[in-house]
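All remarks here apply to the structure that follows.
Only this structure's heavy atoms are used, side chains among them; waters, hydrogens and symmetry mates stay out. This structure is a prediction, so every number in the text was calculated from the model and none was measured. Lettering of chains follows the sequences in order, A, B, ..., and the numbering in each one begins at 1.
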Amino acid sequence: MIIKRIFNILFDLYGYQGWWPVPGSAGSKGFDSAGYHPGNYEPPQNKSERFEIITGAVLTQNTSWNNVEIVLRRIKDENLITPQSIIQAPLDMLASIIRPSGYYNQKAKKLKIVSEFFLNEDRLDKEAAYDGRITRDKLLSLWGIGRETADSILLYAYHFPVFVIDSYTVRIISRAGLIKGGEGYDEIQRIFIPENSNPADRYYNEYHALLVLHAKRFCRKEPLCRRCPLKVICRMGNAAAD
DNA sequence: CCCCAGGGAATTC
DNA sequence: GAATTCCATGGG
């Protein structure tokens, strides 16, 4: 199957990515916090790790991860990397702290909203009658959380096996010829779910991370088809004149 | 100077 | 539903 083949090509070339990238982890620069077990990935198991992933997922909306790292550092320096402190911080102060990540007025609101959600889920989780389940619909009901951010949170913070579709993913499989263009998010998502299989989240986790890396290395806006490792399966790569 | 980055909401048809 | 427009900084 073509989806599995693409994964194998990318994994054999780029290797294990160990997302979600967190300050202190491999591939992340300039941070001294503990991070998640570089090169020996274990999913985040505590609340602070989860909350940091959620924060990063919001901050990286249409924004380079480099800018997000700058802001995560600033948030930590201000002792704001807890939902309680983000809720308590004045909106304009929070906005100024996260300024380097762009869209800072919108994102300041979003961080307050997901912080409230996080605390509320945590509180409900302690009640016996509550099933303790974060759902996609719950996340989508929050202002500022769309499908990709919701799926990123489900996958990387809570380890639910969902496939995250971002603009890189669409670009790659569109050029490869797997979609025509115009397909919706959920429709594209289904393409990546292998039939008759029950893969661990590791597959979804690593696959998405590999697609992001591959889009940065070769499948850029101006693609570098000549030496692209996916050339053998790619319509654009095969048609490229080089 | 230009374009781009691990989207999403609001508006309009 | 689909197409536009706005949000905004830092890096190449």
Side-chain angles (χ1 to χ4, degrees), chain A residues 6-7 10 14 17-23 25-31 36 44 52-75 91-114 117 136-158 162-175 179-189 192 201 204-224:
Chain A
I6 291 174
F7 175 81
L10 296 179
Y14 299 130
Q17 300 302 305
W19 275 31
W20 187 269
V22 157
S25 66
S28 174
K29 54 190 174 183
F31 291 86
Y36 306 148
E52 183 168 330
I53 290 171
I54 292 169
T55 302
V58 169
L59 291 174
T60 199
Q61 289 175 354
N62 203 33
T63 301
S64 70
W65 184 253
N66 183 57
N67 288 31
V68 176
E69 286 197 337
I70 294 170
V71 168
L72 286 175
R73 178 76 274 164
R74 288 166 65 106
I75 289 176
L91 186 63
D92 57 344
M93 186 185 99
L94 180 59
S96 70
I97 290 169
I98 68 170
R99 184 184 169 108
S101 66
Y103 310 123
Y104 49 85
N105 288 313
Q106 291 186 351
K107 285 177 179 174
K109 284 184 192 173
K110 295 179 183 182
L111 289 184
K112 281 180 169 290
I113 289 170
V114 294
F117 173 78
R136 195 178 195 234
D137 284 342
K138 280 187 188 175
L139 291 167
L140 288 176
S141 73
L142 303 177
W143 184 87
I145 305 298
R147 281 175 285 206
E148 185 190 334
T149 307
D151 286 342
S152 291
I153 290 171
L154 291 173
L155 174 62
Y156 290 108
Y158 293 95
V162 294
F163 204 101
V164 176
I165 305 298
D166 66 345
S167 56
Y168 288 150
T169 306
V170 176
R171 183 198 291 169
I172 290 171
I173 68 170
S174 175
R175 285 173 173 170
I179 57 176
K180 303 170 185 172
E183 292 85 349
Y185 184 101
D186 295 351
E187 188 177 354
I188 296 173
Q189 196 173 42
F192 284 92
D201 69 336
Y204 294 81
N205 178 330
E206 287 300 311
Y207 206 151
H208 174 64
L210 288 166
L211 288 172
V212 171
L213 178 58
H214 181 66
K216 290 176 176 173
R217 293 273 181 86
F218 290 98
C219 207
R220 304 176 178 178
K221 190 95 181 201
E222 284 301 318
L224 305 176

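When the side-chain hydrogen bond (donor to acceptor under 3.5 Å, both in side chains) test is applied to K138(A), the partners found at least two apart in sequence or on another chain are E121(A), Y130(A). Under the ring-ring contact (aromatic ring centres under 6.0 Å, His included) criterion, F7(A) pairs with F11(A), Y203(A), Y207(A), not counting sequence neighbours. Listed by chain and residue number, I179(A) satisfy the side-chain contact (heavy atoms from CB on, under 4.5 Å) test with S174(A) (two or more places apart in sequence, or in another chain). For T63(A), the side-chain hydrogen bond (donor to acceptor under 3.5 Å, both in side chains) partners are K107(A), not counting sequence neighbours. For the salt bridge (Lys or Arg N to Asp or Glu O under 4.0 Å) test, no residue two or more places apart in sequence or in another chain qualifies with D137(A). Checked against side-chain hydrogen bond (donor to acceptor under 3.5 Å, both in side chains), D92(A) has no partners two or more places apart in sequence or in another chain. Applying the salt bridge (Lys or Arg N to Asp or Glu O under 4.0 Å) rule to R136(A) yields the partners D151(A), D186(A); only residues at least two apart in sequence or on another chain are considered. For the side-chain hydrogen bond (donor to acceptor under 3.5 Å, both in side chains) test, residues two or more places apart in sequence or in another chain that qualify with T149(A) are Q61(A).
The nearest whole Å value for the distance from the CD1 atom in I98(A) to the P atom in dA8(C) is 9 Å. Between I113(A) atom CD1 and dG8(B) atom P there is a gap of 14 Å when expressed in whole angstrom units. Across the protein-nucleic acid pair, I165(A) atom CD1 and dG8(B) atom P stand 12 Å apart, rounded to whole Å. To the nearest angstrom, C1' of dG7(B) lies 15 Å from CH2 of W65(A). Rounded to whole Å, atom P of dG8(B) lies 17 Å from atom NZ of K109(A). In this structure, CD of E148(A) is placed 12 Å from C1' of dA5(B), rounded to the nearest angstrom. Between L94(A) atom CG and dA8(C) atom C1' there is a gap of 16 Å when expressed in whole angstrom units. Here dC7(C) presents its C1' atom at 4 Å from CD of Q106(A), a figure rounded to the nearest Å.
Within 4.0 Å of S167(A), counting heavy atoms only, lie sugar-phosphate atoms of the nucleic acid but no base atom. The residue L213(A) sits apart from the nucleic acid: no heavy atom pair falls under 4.0 Å. At a threshold of 4.0 angstrom between heavy atoms, the contacts of L211(A) with the nucleic acid are absent.
Among L59(A), T60(A), I97(A), the one residue that satisfies the side chain to side chain contact (heavy atoms under 4.5 Å, CB included) test with V71(A) is L59(A).
Spacing between dA3(C) and dA5(B) at atom C1', rounded to whole Å, works out to 22 Å. The C1' atoms of dC7(C) and dC1(B) are separated by 22 Å, rounded to the nearest whole Å. Comparing dG10(C) with dG8(B), their P atoms are spaced 22 Å from each other, to the whole Å.
Between dG8(B) and T149(A), a contact under 4.0 Å exists linking OP1 or OP2 to a side-chain N or O. Here N62(A) does not reach the OP1 or OP2 of dG8(B): none of its side-chain N or O atoms lies under 4.0 Å away.
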Would you tabulate the side-chain donor-acceptor contacts of residues 215-223 of chain A under 3.5 Å, counting partners in other chains and residues two or more places apart, or write 'none'?
| unit_1 | atom_1 | unit_2 | atom_2 | d |
| --- | --- | --- | --- | --- |
| R220(A) | NE | K216(A) | O | 2.9 |

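Aromatic ring pairs are classed by plane angle as parallel below 30°, tilted from 30° to 60° and perpendicular above 60°; the pair F163(A) and F192(A) is parallel.
Across every non-hydrogen atom of A57(A) and W20(A), the tightest pair is N-CZ2, 3.7 Å.
Looking at residues 215-224 of chain A, you'll see K216(A), K221(A) sit with a heavy atom under 4.0 Å from some atom of DNA chain B.
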Hey, what are the protein-to-nucleotides 10-13 of chain B N/O distances that come in under 3.5 Å?
| unit_1 | atom_1 | unit_2 | atom_2 | d |
| --- | --- | --- | --- | --- |
| dA10(B) | OP1 | W143(A) | NE1 | 3.2 |

Output one line per pair: protein atom, nucleotide atom from nucleotides 9-12 of chain C, and distance, for all N/O pairs under 3.5 Å.
| unit_1 | atom_1 | unit_2 | atom_2 | d |
| --- | --- | --- | --- | --- |
| dT9(C) | OP1 | R99(A) | NH2 | 3.3 |
| dT9(C) | OP1 | Y104(A) | OH | 3.4 |
| dT9(C) | O2 | N67(A) | ND2 | 3.4 |
| dG10(C) | O4' | N67(A) | ND2 | 2.9 |

